[in-house]
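In what follows, a single structure is set out as structure tokens and then discussed.
Side-chain atoms are counted along with the backbone in the values below, which use heavy atoms only and exclude waters and symmetry mates. In the text below, chain A, chain B and the rest are named by the order of the sequence lines, each starting its count at 1.
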There are 2 protein chains.
Amino acid sequence: MKRRPTIMDVAAHAGVSKSTVSLVLQGSVQVKPETRASVQRAMADIGYVYNRAAANLRSASVGLVGLVINDLRNPFFTEFATSLQMTLASHGYATVIANSDEDPALQAKLVGSMIEHGVAALVISPVYGEAGDTFDQLARTGIPVCQVLRKGDERTDLFPFASFDYAAGSADATRHLLAQGARNIAFVGGLAGRAITHERKIGWREVLRAADMTEVALHGKSSRGFGLQAADMLIADHPKVDAAVCFNDLVALGLMAGFARAGRSLGQGFRVVGFDDIEEAAQGWPPLSSVSCDIAGFARDTADRILGWMVQGQRPIPEIRSPVRLVARMSSLGQGE
Amino acid sequence: MKRRPTIMDVAAHAGVSKSTVSLVLQGSVQVKPETRASVQRAMADIGYVYNRAAANLRSASVGLVGLVINDLRNPFFTEFATSLQMTLASHGYATVIANSDEDPALQAKLVGSMIEHGVAALVISPVYGEAGDTFDQLARTGIPVCQVLRKGDERTDLFPFASFDYAAGSADATRHLLAQGARNIAFVGGLAGRAITHERKIGWREVLRAADMTEVALHGKSSRGFGLQAADMLIADHPKVDAAVCFNDLVALGLMAGFARAGRSLGQGFRVVGFDDIEEAAQGWPPLSSVSCDIAGFARDTADRILGWMVQGQRPIPEIRSPVRLVARMSSLGQGE
DNA sequence: CGCTGGAATTGGAACGATCCAAAAGCTATG
DNA sequence: CATAGCTTTTGGATCGTTCCAATTCCAGCG
């Protein structure tokens, strides 16, 4: 096994010094075009590959941004990851994505590994629960860190937090259902006790209280499966409920499937609004009303915040919330009644 | 801004030499426990972080495996990425995931960046079309590369390819529909001309030809939206079609939604089988029959192949196909006729 | 022809770890 | 107490690049 060629080999082959090769590598304007060409030919000839580790050792700055996601299977996060990566790429930064899979120990390992690799900044959607000293470690290194979509550490002055204005979204959804004639609006899905459940529920509750209506809430996993179950529970235990604000679209779709399974198709006076506006919401049948989050825009904003911090040293606002938008579709509209 | 502490600082603080600190870092058994403890305390005290770039420079081997995916938004790939990452992690390798988003230029950049960062191996699901010299470059470096799910380069002796036995799956699905009484089975979805479409279609075609039946195929994007359209097209132009093998579950779900929208619910003699067995197939209503791919198992196998190649130098078989399994659910079963 | 000054090139010193051979510290033994 | 045979520790060389100051090159000018 022959070893990888180095700039020295390139230099020898091109008949110049290693420094010149280095300058060519960095695209310096002060090397003569002919020299540049000959060096590039030499590189191609001997199959040179740049050794980033060596370069980083000397020059510290790596064009690398870390992204740690708690659940890569969730389309919400992959959409975010994809958009973030593309925005950062257009500014010359590469993104390394890792999935903590809701495992605090794994998250700690991943963050550690990214710090070791010398990422210039980190974007993290943290796992729930004890993150141990992960954030302390980050604080010590002093690299820019943005928390998104979930808050894993309360020190938002150190680790600015960005998310969506879920409360406003659920209030909008609830008011919309009221306007459509619903009189008994349940909240379905979301594990009790989680911050995000609380946020998506509080808007609903406020509107109901203002209208002096009874509150029925069924909590559970944010999955299609729970939606299915919830439909049976509503039909059996809460027959007066005539609409639901769901924790997310998956629950909403499950709920609609459950009603269909029970022989009660939509259009018989039951209305549903979901959350997230996933692709399927628009393309399933009946189309599902949903509170839409502009993930791509959010990702771009996040990239801008990180870039501003890295490049110009301007620390972002500690806590911001992006607006959301209700998209009304057939699942919540009056069906000729 | 104070600079990051180095092993020299740790050594000074602990009163030992840098070599000893290095040994502690590598978990060598030949340093006295007390010494180890004191070094570790020193590291914690001054907030030392390991500099992997420096380490790599000398020792070449990095516990890093690259994964380049063509579409991170596709749940199929995220499932694969997650499982692969977890298996590799249990063997002490970190996985760096990147998304080429079907962009050949971006793919080239990502692969280049990974080589530069010194990944020990690469798993790639390539983009369609011209990959340029990406694979030539990989061939030169000599690092283990596995192609999965898609073939971007024909030299499978250099870049072993692994995928699923889609042809057998679609043949199974078609035979199943025949057995259920279908007499006119269409193939729906998949862009014409793509290898994967061909594979998923060829089993269907063979069974139909053996049974001497007419072939109706509607090609298009592999999305829910196309399924919706396809339903209308079938109803209008091919009224005799009484079943469909779909390119994937999304198309199948769209197709079912389309029939529902047209007022023709399932159970009126139309049968559907999808491909991939995504979560929704089992949990939607009616449950969708689907050809199931064991992605997690496939990811584990891939990890094993890569590990075997990296660690023991045994090059995998050039081309393998994992078996798939038909899961029959209500969407394809006889409904009392 | 010698001089000047900008453009182009160069050699050597970092960077922060690992590796290796050699040294120092320990017993236990004759 | 010298010696052998361990275990533990150590200094220097090394990896492949960037950075910097210094040098060389070369055209233009008096």
Side-chain angles (χ1 to χ4, degrees), chain A residues 1-40 42-43 46-64 112-113 115-120 141, chain B residues 1-40 42-43 46-64 112-113 115-120 141:
Chain A
M1 194 86 164
K2 60 193 180 305
R3 66 183 181 75
R4 259 159 78 145
T6 76
I7 53 167
M8 296 286 250
D9 301 319
V10 177
H13 199 267
V16 297
S17 79
K18 63 179 171 42
S19 303
T20 304
V21 178
S22 176
L23 288 175
V24 170
L25 247 15
Q26 293 165 80
S28 164
V29 288
Q30 65 166 338
V31 342
K32 224 200 300 188
E34 303 105 81
T35 315
R36 179 195 314 283
S38 108
V39 168
Q40 276 161 346
M43 295 199 295
I46 66 180
Y48 169 75
V49 293
Y50 188 64
N51 184 334
R52 205 166 273 275
N56 292 345
L57 182 54
R58 190 70 174 86
S59 64
S61 85
V62 209
L64 251 192
S113 156
I115 297 174
E116 287 175 8
H117 278 99
V119 293
T141 66
Chain B
M1 195 82 168
K2 60 192 182 304
R3 64 182 182 78
R4 263 160 74 147
T6 76
I7 54 167
M8 295 288 248
D9 301 319
V10 176
H13 199 266
V16 296
S17 79
K18 61 176 172 47
S19 304
T20 306
V21 177
S22 177
L23 288 174
V24 171
L25 246 16
Q26 295 166 80
S28 163
V29 289
Q30 66 165 342
V31 359
K32 224 199 300 187
E34 303 106 82
T35 314
R36 179 196 314 283
S38 109
V39 168
Q40 276 161 346
M43 295 199 295
I46 66 178
Y48 169 75
V49 295
Y50 188 66
N51 183 334
R52 207 169 274 274
N56 292 346
L57 183 52
R58 189 69 172 84
S59 63
S61 84
V62 208
L64 250 194
S113 158
I115 296 173
E116 287 176 8
H117 278 99
V119 293
T141 68

Taking all atoms of both residues into account, what is the closest heavy-atom pair of [X] and [Y], and its distance?
{"X": "A/V16", "Y": "A/V21", "result": "CG2-CG2, 3.9 Å"}
{"X": "B/A54", "Y": "A/L57", "result": "CB-CD1, 3.4 Å"}
{"X": "B/A53", "Y": "A/N56", "result": "CB-CB, 4.0 Å"}

Take the protein atom [atom1] of [X] and the nucleotide atom [atom2] of [N], then report the distance between them rounded to whole Å.
{"X": "A/Q26", "N": "D/dC19", "atom1": "CD", "atom2": "C1'", "value": "9 Å"}
{"X": "B/I7", "N": "D/dT9", "atom1": "CD1", "atom2": "C1'", "value": "14 Å"}
{"X": "A/R58", "N": "D/dC15", "atom1": "CZ", "atom2": "C1'", "value": "15 Å"}
{"X": "B/R36", "N": "D/dT7", "atom1": "CZ", "atom2": "P", "value": "15 Å"}
{"X": "A/Y50", "N": "D/dT17", "atom1": "OH", "atom2": "P", "value": "8 Å"}
{"X": "B/E116", "N": "D/dG16", "atom1": "CD", "atom2": "C1'", "value": "13 Å"}
{"X": "B/Q30", "N": "D/dT9", "atom1": "CD", "atom2": "P", "value": "9 Å"}
{"X": "A/L23", "N": "D/dT17", "atom1": "CG", "atom2": "P", "value": "14 Å"}

Enter the distance from [X]:[atom1] to [Y]:[atom2] here, rounded to the nearest 0.5 Å.
{"X": "B/T20", "Y": "B/Q30", "atom1": "OG1", "atom2": "CD", "value": "9.5 Å"}
{"X": "A/S113", "Y": "B/Y50", "atom1": "OG", "atom2": "OH", "value": "11.5 Å"}
{"X": "B/T6", "Y": "B/K18", "atom1": "OG1", "atom2": "NZ", "value": "10.5 Å"}

*Is a side-chain donor or acceptor of A/H13 paired with a backbone partner of A/D9 at a separation under 3.5 angstrom?*
no
_Quick one: does any side-chain atom of B/R36 pair with a main-chain N or O of B/S28 as donor and acceptor, under 3.5 Å?_
yes
*Compute whether any side-chain donor of one residue and acceptor of the other, for B/E34 and B/S38, lie under 3.5 angstrom apart.*
no
*Would you grab the first and last nucleotide of DNA chain C (5' to 3') that comes under 4.0 Å of any non-hydrogen atom in chain A?*
C/dA8 to C/dG16
*Position toward the 5' end of DNA chain C (nearest nucleotide), A/V29 or B/M8*: A/V29
*By a strict heavy-atom criterion of less than 4.0 Å, which residues belonging to residues 12-22 of chain B are in contact with DNA chain D?*
B/V16, B/S17, B/K18, B/S19, B/T20
